[in-house]
Visitor: 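Dropping the structure in here first, questions after.
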Amino acid sequence: MQKDKLPEVGTTIFTVMTSLAQQHNAINLSQGFPDFPCDKALKKAVQKRIEKDYNQYAPMAGVEILRKRIQKICQEHYGVHYDWEKEITITVGATEGLFCAIAAVVHPNDEVILFEPAYDSYAPVVKLFGGKIVPIALYPPDFQIPWETLKEKISSKTKLIILNTPHNPIAKVWTQEEIEQLWQLIKGRNIFVISDEVYEYIAFVPFFSVRQHSQLRERSFIVGSFGKSLHVTGWKVGYVLAPEPLTTLLRKIHQFTPFCVSTPLQYGIADYLTTHPDFYQKTLQLYERKRKLFLNLLKETRFEPLNCQGTYFMLLRYGHISTMDDVAFSQYLTKEVGVAVIPISVFYSGNYSDNIIRICFAKQDEVLIAAAKRLATL
Ligand code: PMP
Ligand code: GLN
């Protein structure tokens, strides 16, 4: 029998809860994906490229016009320069970018610091490459960074720190001061950073990207996803920005994982970004409106929302509605109330439970209204 490389890994909570939602015909506020269509012009742009026979392998690092577009957006939106040839790589969603970035720097017995709750795709990859997870737990209601603990946990073995801003599932946005504080702790050490910024355009408070920190960015991989910014999670087109030496390491792995990313999707996205340079304002306005709508709807329920600074997720406290733990309560909500949600304890490696669930508000207004009605029955 072959030894399992990831014995503690089962099926992701997103797959589990979406299947349960389908089985029980529940409104699915669990897995994070929009249930509304993307812009028609984006679909047309891709169709056009398919029709024009852009259907063979793309360049390994990504098509030139898409990388140049990302370079331009970085310059205009963040005021920073990343060279399209040497520092920008298109990946199969953020997930592949994260995989390659972790694989590029983690060697056996290296320590990798994760802030928990942590998105579920980081830890298995670290383990696959022999790294050891050093979790730093963040707790509600504010999920403050415990700086003293972080300082203690950084050691000569620390190779990588993974952060996520805006953060899934806690909806926290790191401040410029926090990014600077992180830099103060790691400067002078051989530590790399992965900043998962897939929700970069869904921030309801000022967003400071790690790419804007002139020193930290020299050690960092910044990971993005068009799935979130353009409402096409199923297309799986993402990107990684990193200084040339790190990009070289990343591409060595990327070239043997997918080699390259879907050609017509890359061209279509690039064309769309050219004709719709205001895409990120639209994305933000849309989710700002949906967040407000859902917050208003929640007033008719006994659920208590926690502060949502970014992402299309919101945490809800239910402690005065039920004493069930969050896994049991999420199943109960899905099966008995008809609303599927995600328990947040699964994003902690320890036995953490605080009667909090995560919902996704990237749903049509009428779906959010119907879900809130069901939640109001509790
Ligand atoms: N990171 C975070 C924090 C996410 O929420 C997601 C979402 N699905 C991903 C990475 C993966 O993004 P993609 O679908 O582009 O692979
Ligand atoms: N990122 C999405 C979420 O948090 C799910 C992605 C997935 O299904 N793997 O819900």
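Bear in mind the structure is a predicted one, so any value in this text is a computation, not a measurement. For ligands, and for the atoms within them, numbers begin at 1 and follow the listed sequence.
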Visitor: Just need the protein heavy atom nearest to atom 8 (O) of ligand 2, so name the residue and atom and give the distance.
Guide: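 Protein heavy atom with the smallest distance to atom 8 (O) of ligand 2: Gln31 NE2, 2.7 Å.
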Visitor: Do we get Arg211 above Tyr82's six-membered ring, with its NZ or CZ under 6.0 Å from the centre and within 45° of the axis?
Guide: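 Verdict for Tyr82: no cation-pi partner in Arg211.
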Visitor: For ligand 2, which atoms sit closer than 4.0 Å to a heavy atom of Arg358?
Guide: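 So the atoms of ligand 2 that pass are 3 (C), 4 (O), 10 (O).
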Visitor: Could you list, one pair per line, each nitrogen or oxygen of ligand 1 together with any protein nitrogen or oxygen closer than 3.5 Å, giving atom names and the distance rounded to 0.1 Å?
Guide:
residue, atom, partner, partner atom, Å
ligand 1, 1 (N), Asp196, OD1, 3.4
ligand 1, 1 (N), Asp196, OD2, 2.6
ligand 1, 5 (O), Asn168, ND2, 2.8
ligand 1, 5 (O), Tyr199, OH, 2.6
ligand 1, 8 (N), Tyr119, OH, 3.3
ligand 1, 8 (N), Lys228, NZ, 2.6
ligand 1, 14 (O), Lys236, NZ, 3.1
ligand 1, 15 (O), Ala94, N, 2.8
ligand 1, 15 (O), Ser225, OG, 2.7
ligand 1, 16 (O), Ala94, N, 3.1
ligand 1, 16 (O), Thr95, N, 2.9
ligand 1, 16 (O), Thr95, OG1, 2.5
ligand 1, 16 (O), Lys236, NZ, 2.7

Visitor: Check each heavy atom of Phe313 against ligand 2 and say whether those closer than 4.0 Å belong to the side chain, the backbone, both or neither.
Guide: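 Near ligand 2, Phe313 shows its side chain, while the N, CA, C and O stay back.
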Visitor: Does anything in residues 125-140 form a side-chain hydrogen bond (donor to acceptor under 3.5 Å, both in side chains)? List the pairs, not counting sequence neighbours.
Guide: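 For residues 125-140: Glu8-Lys127, Asn109-Lys132.
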Visitor: Does one side chain, of Tyr272 or Asp39, offer a donor that lies under 3.5 Å from an acceptor on the other?
Guide: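 The answer is yes; a qualifying pair exists.
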Visitor: Got the closest protein heavy atom to atom 7 (C) of ligand 2, with its distance?
Guide: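 Here the nearest protein heavy atom works out to Phe14 CD1, 3.6 Å.
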Visitor: Under the ring-ring contact (aromatic ring centres under 6.0 Å, His included) rule, what pairs show up with a residue in residues 299-324, not counting sequence neighbours?
Guide: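 The answer is Tyr199-Tyr312, Tyr199-Phe313, Tyr287-Tyr312, Tyr318-Phe329.
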Visitor: Evaluate side chain to side chain donor-acceptor pair (under 3.5 Å) for Gln184 paired with Glu180, printing each intermediate quantity in order.
Guide: CA-CA 6 Å; Gln184 290 303 328; Glu180 173 59 28; 2.5 Å; yes
Visitor: Transitive ILVMFWY cluster of Phe33 at side-chain heavy atoms under 4.5 Å: who else is in it?
Guide: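 Besides Phe33, the cluster holds no residue at all.
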Visitor: Under a plain distance cut-off of 3.5 Å, with no hydrogens placed, do Ser209 and Glu200 share a side-chain donor-acceptor pair?
Guide: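 No pair is found: no donor N or O on one side chain lies under 3.5 Å from an acceptor on the other.
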Visitor: With a 4.0 Å cut-off on heavy atoms, is Tyr119 touching ligand 2?
Guide: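 The answer is yes, since Tyr119 has a heavy atom less than 4.0 Å from ligand 2.
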Visitor: If you measure from each non-hydrogen atom of Asn168 to ligand 2, which part falls under 4.0 Å: side chain, backbone, both or neither?
Guide: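 Side chain only; the backbone of Asn168 stays clear of ligand 2.
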Visitor: Report, in ascending order of atom number, the atoms of ligand 2 lying under 4.0 Å from any heavy atom of Gly32.
Guide: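 Selected atoms, number and element: 2 (C), 3 (C), 10 (O).
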Visitor: A quick test of your reading: do over 12 heavy atoms of other residues, nucleotides or ligands sit less than 6.0 Å from NZ of Lys373?
Guide: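 Check fails, neighbour count at 12 or below.
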Visitor: Between Ser345 and Asp326, does the side chain to side chain donor-acceptor pair (under 3.5 Å) criterion hold? Intermediate values first, please.
Guide: CA-CA 7 Å; Ser345 59; Asp326 62 348; 2.7 Å; yes
